[in-house]
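Worth saying up front: this structure is predicted, and the values here are computed from it rather than measured. Counting starts at 1 for both ligands and their atoms, following the listed order.
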Amino acid sequence: MQQPTRRVTILDLADAKQERRPITMVTAYDWSTARLVDGAGIDCVLVGDSVAMVVAGRSSTIPATLDQMVYHGEIVSRACQRALVVVDLPFPYQHLGVRPAVEACARLLKETGCQAVKLEGTAGQADVIAGIASAGIPVIGHVGLRPQAVHQLGGYRMQRDIDQLLTDARAAADAGAVAVVLECIPREAARTITAALDVPTIGIGAGPDCDGQVLVFHDLVGLSTDRVPKFVRAYADTKVTIAAGLARWKEDVVARTFPGPAETRG
Ligand code: KIV
């Protein structure tokens with residue numbers, strides 16, 4: 001997508017689809033990484049509920065709480081000057097009915113300063129998306145592999161039912177979603193859905209034909225210590241760089257060469 005100097009808005013995402021300019025989205029959960037992602041000109045910063053896995057080391061995103069999303073969302077929103085900040089609605093608010101979901105999303109919007117929320121769901125959550133949208137809260141749908149439903153889906157596996165995927169994505173868009181994340185679905189399904197929807201699709205493990213792409217920051221920069229999905233390409237080797245820096249610092253401390261004259265005052 002082009003680089004507006006002002007804040008990216010949902011209208012820019014709609015324009016990007018019309019003008020076939022790819023949209024970029026990367027996760028961030030803290031001040032330093034949010035500054036880096038925003039500074040790199042990434043269009044959207046996602047405070048994903050993946051925070052539960054990436055930051056807290058949990059085995060799924062299910063334990064992420066609303067308070068935790070508010071905490072991380074507020075930090076990231078404050079750090080970002082240009083990117084559209086999106087905060088995930090944690091499990092299970094979208095399944096509790098329209099009112100609790102709107103209340104939770106309103107809290108995310110009011111207390112974090114984000115510009116949009118994202119929620120996982122099927123066509124069954126269309127009424128909830130409609131309620132959130134009619135409250136004036138920009139909402140992004142998330143279909144395909146829905147990590148919050150990992151136990152129901154039998155694991156982190158590709159979702160292949162094209163008719164169901166199209167139904168779910170259409171339902172989200174028709175209900176008022178401003179974009180739809182497509183996670184871990186076949187390329188053909190993503191291409192069909194992208195052509196069928198007026199709103200942008202943002203893919204992760206969904207092939208190159210989506211209107212945009214999203215990746216988890218730690219996967220993208222080679223910082224993830226656990227399982228990395230096959231669809232990830234690491235664009236840096238940060239883990240190795242950090243480990244080398246730590247080892248050198250430890251050596252210097254043991255050799256009493258740190259702190260040296262440059263770091264010693266007085
Ligand atoms: O929580 C998250 O990081 C996500 C992305 C994988 C899209 O939802």
Fill in: Ligand-residue contact atoms, ligand 1 with G48, heavy atoms, under 4.0 Å
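Taking each heavy atom of G48 in turn, ligand 1 has 1 (O), 2 (C), 3 (O) under 4.0 Å.
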- request: Just jot down the ligand 1 atoms closer than 4.0 angstrom to any heavy atom of H142, in number order.
  value: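 Ligand 1 atoms under the 4.0 Å threshold to H142: 8 (O).
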Would you check the N or O atoms of [X], main chain and side chain alike, for any that come under 3.5 Å of an N or O of ligand 1?
X: K118; result: yes
X: Y29; result: no
X: D88; result: yes

Below a 4.0 angstrom heavy-atom separation, can you tell me which part of [X], side chain or backbone, both or neither, approaches ligand 1?
X: L46; answer: side chain
X: T27; answer: side chain
X: E120; answer: neither

Between [Y] and [X], is there a salt bridge with N-O shorter than 4.0 Å?
X: R78; Y: E74; value: yes
X: R7; Y: D38; value: no
X: R6; Y: D12; value: yes

| task | Apply side-chain contact (heavy atoms from CB on, under 4.5 Å) to the pair V51 and M69, showing each step before the final yes or no. | result | CA-CA 8 Å; V51 66; M69 298 314 298; 4.0 Å; yes
| Aromatic Y156 / basic R227 pairing, under 6.0 angstrom, 45° off normal |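 Output yes; distance and angle both within limits.
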**The single option from Q125, H142, Q148 passing side chain to side chain donor-acceptor pair (under 3.5 Å) against Q94** =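 Considering Q125, H142, Q148, a side chain to side chain donor-acceptor pair (under 3.5 Å) with Q94 is found only for Q148.
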- Query: Which residue and non-hydrogen atom of the protein lie closest to atom 2 (C) of ligand 1, and at what distance in Å?
  - Reply: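 Going atom by atom, the protein heavy atom closest to atom 2 (C) of ligand 1 ends up being S50 OG, 3.2 Å.
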Query raised in the report: Which residue owns the protein heavy atom closest to atom 6 (C) of ligand 1, what's the atom, and how far is it?
Result: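 Checked against all protein heavy atoms, atom 6 (C) of ligand 1 sits closest to I204 CD1, 3.6 Å.
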Original post:
Backbone N or O of T201 within a donor-acceptor pair of the D211 side chain at under 3.5 Å?
Top reply: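 Here the side-chain-to-backbone pair exists.
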